Amino acid sequence: MIYSKKEGMVLLFSSPIIKNLENALNGSAAKQRIINENIANADTPHYKAKSVTFASELETQLSANKSDSRHFEFTGNRNSRVITAERRGGDMNHNGNNVDMDLEMSEMAKNQLYYQTLVQRINGKFNSLKMVVKGGK
């Protein structure tokens, strides 16, 4: 467990793993909002579907302890960003929008599995902290 003082408060949950999991959960929630927006606007004339890029940003968040001089440096940015952009290409519907419901539904299913996996992982970290606080019981 890492303890650090910031503005007079002790931060119990400031480990890099928990921060990365938190960033990943935030990114997954942002992706879900965009998928919901795309589905809600499937019949809106001239609406352009949006997409979220988070996985590539998550890779820059990863860090490791360098235990050997031959290891590469990890220089990830600690600030998480979620990038939203209009989806290019795809077939235009009769009303001029490019929302593909099959694609949106499959993206939603993948994102839900990803989110559930992250929640299970962060629950495991909190259970480990709980066990430490209880003295291994």
Side-chain angles (χ1 to χ4, degrees):
M1 224 172 355
I2 297 174
Y3 294 96
S4 62
K5 287 220 172 213
K6 182 177 182 182
E7 298 176 11
M9 292 180 57
V10 176
L11 302 174
L12 297 174
F13 308 113
S14 62
S15 79
I17 293 170
I18 291 175
K19 284 292 187 191
N20 285 338
L21 288 169
E22 178 186 2
N23 289 338
L25 284 169
N26 289 337
S28 181
K31 184 169 185 165
Q32 188 64 39
R33 282 190 297 276
I34 294 300
I35 292 169
N36 292 341
E37 184 178 320
N38 288 343
I39 291 171
N41 287 293
D43 293 326
T44 303
H46 306 291
Y47 176 80
K48 303 299 181 226
K50 295 180 179 79
S51 62
V52 171
T53 305
F54 183 74
S56 61
E57 288 294 320
L58 182 61
E59 289 173 9
T60 65
Q61 299 295 316
L62 299 177
S63 63
N65 292 331
K66 187 175 175 182
S67 59
D68 190 302
S69 62
R70 296 174 289 178
H71 290 167
F72 292 109
E73 291 291 334
F74 287 85
T75 57
N77 181 2
R78 300 313 265 177
N79 296 326
S80 177
R81 289 188 345 216
V82 176
I83 300 168
T84 304
E86 277 188 10
R87 190 176 301 141
R88 300 285 180 204
D91 294 334
M92 290 290 179
N93 295 330
H94 67 282
N95 61 1
N97 81 23
N98 66 345
V99 176
D100 179 353
M101 287 300 288
D102 291 334
L103 175 65
E104 298 301 331
M105 296 307 282
S106 68
E107 287 296 315
M108 182 184 289
K110 285 193 301 190
N111 191 51
Q112 287 173 341
L113 289 172
Y114 180 64
Y115 189 88
Q116 289 171 356
T117 302
L118 291 170
V119 167
Q120 288 174 352
R121 183 68 179 117
I122 204 162
N123 280 339
K125 295 305 281 179
F126 287 138
N127 286 335
S128 296
L129 288 171
K130 184 174 157 183
M131 188 184 323
V132 168
V133 169
K134 288 184 172 184
K137 297 179 184 178

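Fair warning: this is a prediction, and the values are worked out from it, not measured in the lab. In what follows, every heavy atom counts, from backbone to side chain, and hydrogens, waters and symmetry copies are set aside.
- In this structure, CG in Asn23 is found 11.0 Å from CG in Leu118, a value given to the nearest 0.5 Å.
- In terms of the side chain to side chain contact (heavy atoms under 4.5 Å, CB included) criterion, Gln120 has no residue partners (sequence neighbours excluded).
- Although no hydrogens or angles enter the test, the distance criterion places a donor-acceptor pair under 3.5 Å between the side chain of Asn97 and the main chain of Ala42.
- The stretch residues 32-46 participates, sequence neighbours left out, in these salt bridge (Lys or Arg N to Asp or Glu O under 4.0 Å) pairs: Glu37-Lys50.
- In this structure, the side chain of Ser28 does not engage the main chain of Ala24 through any donor-acceptor pair within 3.5 Å.
- Separation of atoms OG1 (Thr117) and CG (Leu21) is listed at 11.0 Å; rounding is to 0.5 Å.
- When the side-chain hydrogen bond (donor to acceptor under 3.5 Å, both in side chains) test is applied to Thr44, the partners found at least two apart in sequence or on another chain are Asn41.
- Cluster annotation: Ile122 and Ile17 are assigned to the same hydrophobic cluster (Ile/Leu/Val/Met/Phe/Trp/Tyr, side-chain heavy-atom contacts under 4.5 Å, transitive).
- In this structure, Gln116 CD and Asn111 CG are separated by 10.0 Å, a value rounded to the nearest 0.5 Å.
- Sorted by first and then second residue, the salt bridge (Lys or Arg N to Asp or Glu O under 4.0 Å) pairs with a member in residues 95-104 read Arg87-Glu104; sequence neighbours excluded.
- The hydrophobic cluster containing Val99, built from Ile/Leu/Val/Met/Phe/Trp/Tyr side-chain heavy atoms closer than 4.5 Å, also comprises Ile35, Ile39, Tyr47, Met101, Met105, Met108.
- Looking at residues two or more places apart in sequence or on another chain, you find a side-chain hydrogen bond (donor to acceptor under 3.5 Å, both in side chains) between Lys110 and Glu107.
- Applying the side-chain hydrogen bond (donor to acceptor under 3.5 Å, both in side chains) test to Asn95 and every residue at least two apart in sequence or in another chain returns nothing.
- Asn38 places no side-chain N or O within 3.5 Å of a backbone atom of Ala49 that could act as its donor or acceptor partner.
- A side-chain donor-acceptor contact under 3.5 Å links Lys48 to the backbone of Gly96.
- Between Lys125 and Leu129 there is no side-chain heavy-atom pair separated by less than 4.5 Å.
- Contacts of Asn123 classified as side-chain hydrogen bond (donor to acceptor under 3.5 Å, both in side chains), with partners at least two apart in sequence or in another chain: none.
- Atoms OH and NZ, on Tyr114 and Lys31 in that order, are 9.0 Å from each other to the nearest 0.5 Å.
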